[in-house]
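See below for the structure under consideration.
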Amino acid sequence: MPLIEISHLYKTYTVGSNRIDALNDVSLKIGENEMVAVIGPSGSGKSTLMNIIGCLDTASAGSYRLKGQEIGEYDDNALSEIRNRTIGFVFQKFNLLSKLSALENVELPLIYQGVGGKERTERAQEALRMVELQDRMDHTPFELSGGQQQRVAIARAIVTNPPLLLADEPTGNLDSRTGTEVLKILHRLNDEGRTIVLITHDSGVAAQAQRMIHINDGKIISDRKGGAE
Ligand SMILES: Nc1ncnc2c1ncn2[C@@H]1O[C@H](COP(=O)(O)OP(=O)(O)OP(=O)(O)O)[C@@H](O)[C@H]1O
Ligand SMILES: [Mg+2]
């Protein structure tokens, strides 16, 4: 059973008298332990697809199964449950809370899961060690570089140990050297068994994944293996 199974998915927005087919008959399967890059120009539907895969939004029509479960059948509470258990998110703009330290930011998802006390701190410390930030745990986001902030965001995404990691332009705000470091971490997390869906409009970044899906105008125009591995 694939981890992600999408068939004939549509997402339509209506703004005024304009109808926008942000996703237009998208079908794809992603297996466990895959690393997939989704590439396409601005406005092609990448974030729309990721928001649906991440259970942050639902489709207008079609089917999305995550671990065999049909997502369209769940209400908001059930969806946030599934999200908490299954998915870690990394965004272009890091989305860290500026008043909290790196450690406190990484502890947040554990607070939502009801993990308390010493276990929570230890797991957050361990996640920060995995992104090599053990010596920056007490820094607030303003006291960290862009690449370090993104690594905190990755630690926050993996602290609950989700099988699926979704990254929407994780290197979009970083210079190329820092971006390469962040990608290296994503590759390592994939080697350790996590499924990774990486959205980018940078073909150099996409080429590093084992599989590249091209999307244009809400449609998949190619889906092929390749890249560095
Ligand atoms: N909430 C919304 N309401 C109306 N239209 C939307 C909404 N969200 C996205 N769209 C439209 O859907 C299309 C796809 O948007 P999406 O954000 O998925 O693009 P993208 O590929 O992520 O682009 P970018 O590379 O610029 O982030 C665009 O034409 C956009 O204008
Ligand atoms: Mg986008």
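For ligands, and for the atoms within them, numbers begin at 1 and follow the listed sequence. Source: prediction; values computed, not measured.
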Does a side-chain heavy-atom distance below 4.5 Å link Phe89 with Arg83? yes
A side-chain contact here means heavy atoms from C-beta on lying under 4.5 Å apart; do Ser27 and Ile220 qualify? no
Under-4.0 Å salt bridge between [X] and [Y]:
X	Y	value
Arg194	Glu192	yes
Arg136	Asp138	no
Arg151	Glu132	no
Arg129	Glu126	yes

Please check if a non-hydrogen protein atom sits closer than 4.0 Å to atom 30 (C) of ligand 1. no
What atoms in ligand 1 come closer than 4.0 Å to a heavy atom of [X]?
X	value
Pro41	21 (O)
Thr48	14 (C), 15 (O), 16 (P), 18 (O)
Val15	4 (C)

Which residue and atom name correspond to the protein heavy atom nearest [atom], and how close is it?
atom	answer
atom 12 (O) of ligand 1	Ala22 CB, 3.4 Å
atom 23 (O) of ligand 1	Gly43 N, 2.8 Å
atom 26 (O) of ligand 1	Ser42 OG, 2.6 Å
atom 27 (O) of ligand 1	Ser47 OG, 4.0 Å
atom 9 (C) of ligand 1	Tyr13 CE1, 3.5 Å

Before signing off on this row, confirm whether Gly45 and ligand 1 have an N or O atom pair separated by under 3.5 Å. yes
Working for side-chain contact (heavy atoms from CB on, under 4.5 Å), residues Cys55 and Ile87: CA-CA 9 Å; Cys55 304; Ile87 308 168; 4.2 Å; yes
Sole candidate of Thr140, Val152, Leu108 that passes side chain to side chain contact (heavy atoms under 4.5 Å, CB included) when paired with Leu100: Leu108
Restricting to N/O/S atoms, is Ser47 within less than 2.8 Å of the Mg ion (ligand 2) or not? yes
Could you check which of Gln92, Glu169, Lys46 puts a non-hydrogen atom nearest to atom 25 (O) of ligand 1? Lys46
